[in-house]
There are 2 protein chains.
Amino acid sequence: MNSVKNLPEKTIERLSQYRRVLLDCLRQGKYNIYSHELASLLHINPVQVRRDIMLIGHNGTLRKGYDVKRLSDMIGTIIDSKEGQKVAVVGVGNLGRAIMTYFQGKRTKLVIAAAFDTDPAKVNRVIAGIRCYAASEMEEVIRKEGITIGVITVPPDKAAESAEKLVMAGIRGILNYTPVALNVEPHAYLEEYDMVTSLEKVAFFVKNRS
Amino acid sequence: MNSVKNLPEKTIERLSQYRRVLLDCLRQGKYNIYSHELASLLHINPVQVRRDIMLIGHNGTLRKGYDVKRLSDMIGTIIDSKEGQKVAVVGVGNLGRAIMTYFQGKRTKLVIAAAFDTDPAKVNRVIAGIRCYAASEMEEVIRKEGITIGVITVPPDKAAESAEKLVMAGIRGILNYTPVALNVEPHAYLEEYDMVTSLEKVAFFVKNRS
DNA sequence: ATAACATTGTTATTTTTGTAACAAAAAGAA
DNA sequence: TTCTTTTTGTTACAAAAATAACAATGTTAT
Ligand SMILES: NC(=O)c1ccc[n+]([C@@H]2O[C@H](COP(=O)([O-])OP(=O)(O)OC[C@H]3O[C@@H](n4cnc5c(N)ncnc54)[C@H](O)[C@@H]3O)[C@@H](O)[C@H]2O)c1
Ligand SMILES: NC(=O)c1ccc[n+]([C@@H]2O[C@H](COP(=O)([O-])OP(=O)(O)OC[C@H]3O[C@@H](n4cnc5c(N)ncnc54)[C@H](O)[C@@H]3O)[C@@H](O)[C@H]2O)c1
């Protein structure tokens, strides 16, 4: 079977990036785009763009390229859920707040619906338009609101317990920004990102350039 | 040729992660570690750990595993530069400040040596121990300090001009956190990361779970 | 009309990445 | 000692991802 559920992981990432570019195009009044344009905007190969687009079953027009609006909508049908999904941020510190600010109004289908912290100075306040609850209310709020995704931005030594609480609350996916590998399988899909690793990677390739 | 310069990109990423875990072990007084321990801490396969370690030419001890300190040092000789590298953060907003706070004292060979902003309220202040300069001083400061890596955290519409300035100043690598694809090749190595993509990826896999 | 061209869609091939399999060897048990 | 266990190092294999090749076809120019 070759359905949309079996799309390669890398294709999913690129679809998100294509849409970002496409939405930009729409804002600029550009209604058609060639595979090589999309490719060069994202520093990838045009063939890869065409292949990804083929995989999701979209059709371009010869000599006119892809219809920006249609393609962007098509990507939406693949990566968005119809009813949307709600996100919670756990840990309203520097990074948590930055993310909350950043996301406001970015995507209609993916909304940060709550934040959690233990600091009394933050609890029950509204930050970047998002209500901050006490960490102890996590399970209740997550269930009540139907939140499916958690973003973890607590101090490293609180990461494991936060993940556990999220899982207890029935969360289905976690995006972990702490430098602590979590153990939530098979309860939730896990994505981890460490900025130090990215920076060290850049440093390595800088060092070894010809 | 199979030198250290030709290590797979993914191996480089993992080396950074291994070291993070190893340094943690040292702090906890653990001086030896098995491939399967490292693997399970990072949710990967033990064979992959052994393979990566083989590729960098390190030797473990049968039945005792790897010497944590020696392996961590060995990884240092691969991914660090001897003299270290200096990093600049461009854009001292929510995210920039979060990164500056986060990095303080994390790595001895990779130091944030300067920050840049256009906001007079930030210029010439010291934030998280890092001096913030005016964006107009970028070229001068970067050359004087010998900064090789730039992290871009300015508003999206200023990203391209910031990258250009960095390149003008002779920067060798850029880590871009804005959702704008930059064009700096062949002057600098570029790594881009967009949080929306990560979150959309999590959302997709949550949606399509059995 | 017709030829030249540019662009998509798709299959084939190559490259990269990950996993399995297993020999070798050290440690400990019998 | 000899056998069993455990773990590394390495080669062989598999899977995933990226790229190349190219046919098909609409568009434009002549
Ligand atoms: N700042 C960065 O750029 C950056 C980058 C990469 C990773 N990180 C990681 O992200 C995490 C957060 O970084 P930060 O700079 O925002 O730290 P921070 O200290 O500014 O924020 C942490 C927040 O979590 C809250 N908190 C503590 N315990 C909690 C709990 N049990 N439940 C809920 N909230 C709790 C704290 O009150 C605080 O508001 C850290 O683990 C850090 O290592 C940060
Ligand atoms: N906040 C997040 O979690 C997050 C996540 C992903 C991506 N981003 C991206 O990172 C970037 C920064 O986000 P933020 O939330 O920190 O924004 P912000 O508005 O808080 O900060 C931007 C900073 O850049 C400064 N600046 C403006 N023009 C400049 C220039 N030409 N040179 C130097 N500095 C300049 C501003 O004065 C401000 O201090 C944005 O592009 C955003 O899209 C942010």
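Here is how names work: the chains are called A, B, and so on, in the same order as the sequence lines, proteins then strands, and each is numbered from 1. Values reported hereafter were calculated over all heavy atoms of this structure, with side chains retained and with hydrogens, waters and symmetry mates removed. Remember, it's a predicted structure, so these values are computed and weren't measured experimentally.
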Is [X] reaching over with its side chain to a backbone N or O of [Y], donor-acceptor style, under 3.5 angstrom?
X       : Y       : value
Q104(B) : A128(B) : yes
K109(B) : K82(B)  : yes
T153(A) : V90(A)  : yes

- Note on the structure: Reading nucleotides 14-19 of chain C from 5' to 3' and marking B where a protein heavy atom lies under 4.0 Å of the base, S where only the sugar-phosphate is that close, and - otherwise, the string is ---SSB
- Going 5' to 3' along nucleotides 24-30 of chain C, which nucleotides have protein heavy atoms under 4.0 Å from the base (write B), which only from the sugar-phosphate (write S), and which from neither (write -)? -BBB---
Value in whole Å for how far the [atom2] atom of [N] lies from [atom1] of [X]:
X      : N       : atom1 : atom2 : answer
I56(B) : dT10(D) : CD1   : P     : 13 Å
N32(B) : dT8(D)  : CG    : C1'   : 13 Å
Y34(B) : dT5(D)  : OH    : C1'   : 12 Å
M54(A) : dT19(D) : CE    : P     : 16 Å
H58(B) : dT10(D) : NE2   : P     : 13 Å
H36(A) : dT8(C)  : NE2   : P     : 7 Å
R50(A) : dA18(D) : CZ    : P     : 16 Å
L55(B) : dT11(D) : CG    : P     : 11 Å

- Message: According to ring pair (Phe, Tyr, Trp, His ring centres under 6.0 Å), who are the partners of H36(A), at least two apart in sequence or on a separate chain?
- Response: Y34(A)
- Task: Name all residues meeting the ring pair (Phe, Tyr, Trp, His ring centres under 6.0 Å) criterion together with F103(B); count only those two or more places apart in sequence or in a different chain, and write none if there are none.
- Result: none
- Message: Using five pairs at each end of the helix from dA1(C)-dT30(D) to dA30(C)-dT1(D) to define an axis, what is the angle between those two axes, to 10°?
- Response: 0°
- Non-neighbouring partners of K10(A) that pass salt bridge (Lys or Arg N to Asp or Glu O under 4.0 Å), sequence neighbours left out: none
- Hey, could you give me each pair passing ring-ring contact (aromatic ring centres under 6.0 Å, His included) that has a residue in residues 161-199 of chain A? Not counting sequence neighbours. Y189(A)-F205(B), Y193(A)-Y193(B)
Which residue pairs pass the salt bridge (charged side-chain N to carboxylate O under 4.0 Å, His left out) test with at least one member in [range], sequence neighbours excluded?
range                       : value
residues 178-200 of chain B : R19(A)-E200(B), R20(A)-D194(B), R107(A)-E200(B), K201(A)-E191(B), R209(A)-E185(B)
residues 139-152 of chain A : K86(A)-E145(A), E139(A)-R143(A)
residues 24-42 of chain A   : D24(A)-R27(A), K30(A)-E37(A)
residues 43-62 of chain B   : R14(B)-D52(B)

- Output yes when at least one side-chain N/O atom of N59(A) is less than 4.0 Å from OP1 or OP2 of dT8(C), else no. no
- Message: Is there a side-chain contact between Y66(A) and the phosphate of dG9(C), meaning an N or O under 4.0 Å from OP1 or OP2?
- Response: yes
- Item | Between T148(A) and Q85(A): side-chain donor-acceptor atoms closer than 3.5 Å | yes
- Query: Which ones in residues 69-78 of chain B lie close to DNA chain D, meaning a heavy atom under 4.0 Å from one of its atoms?
  - Reply: none
- Task: Could you check if a side-chain atom of V92(B) sits within less than 4.5 angstrom of a side-chain atom of F116(B), using non-hydrogen atoms only?
- Result: no
- Can you tell me how far CD1 of I33(A) sits from CG of L38(A), rounded to the nearest 0.5 angstrom? 4.0 Å
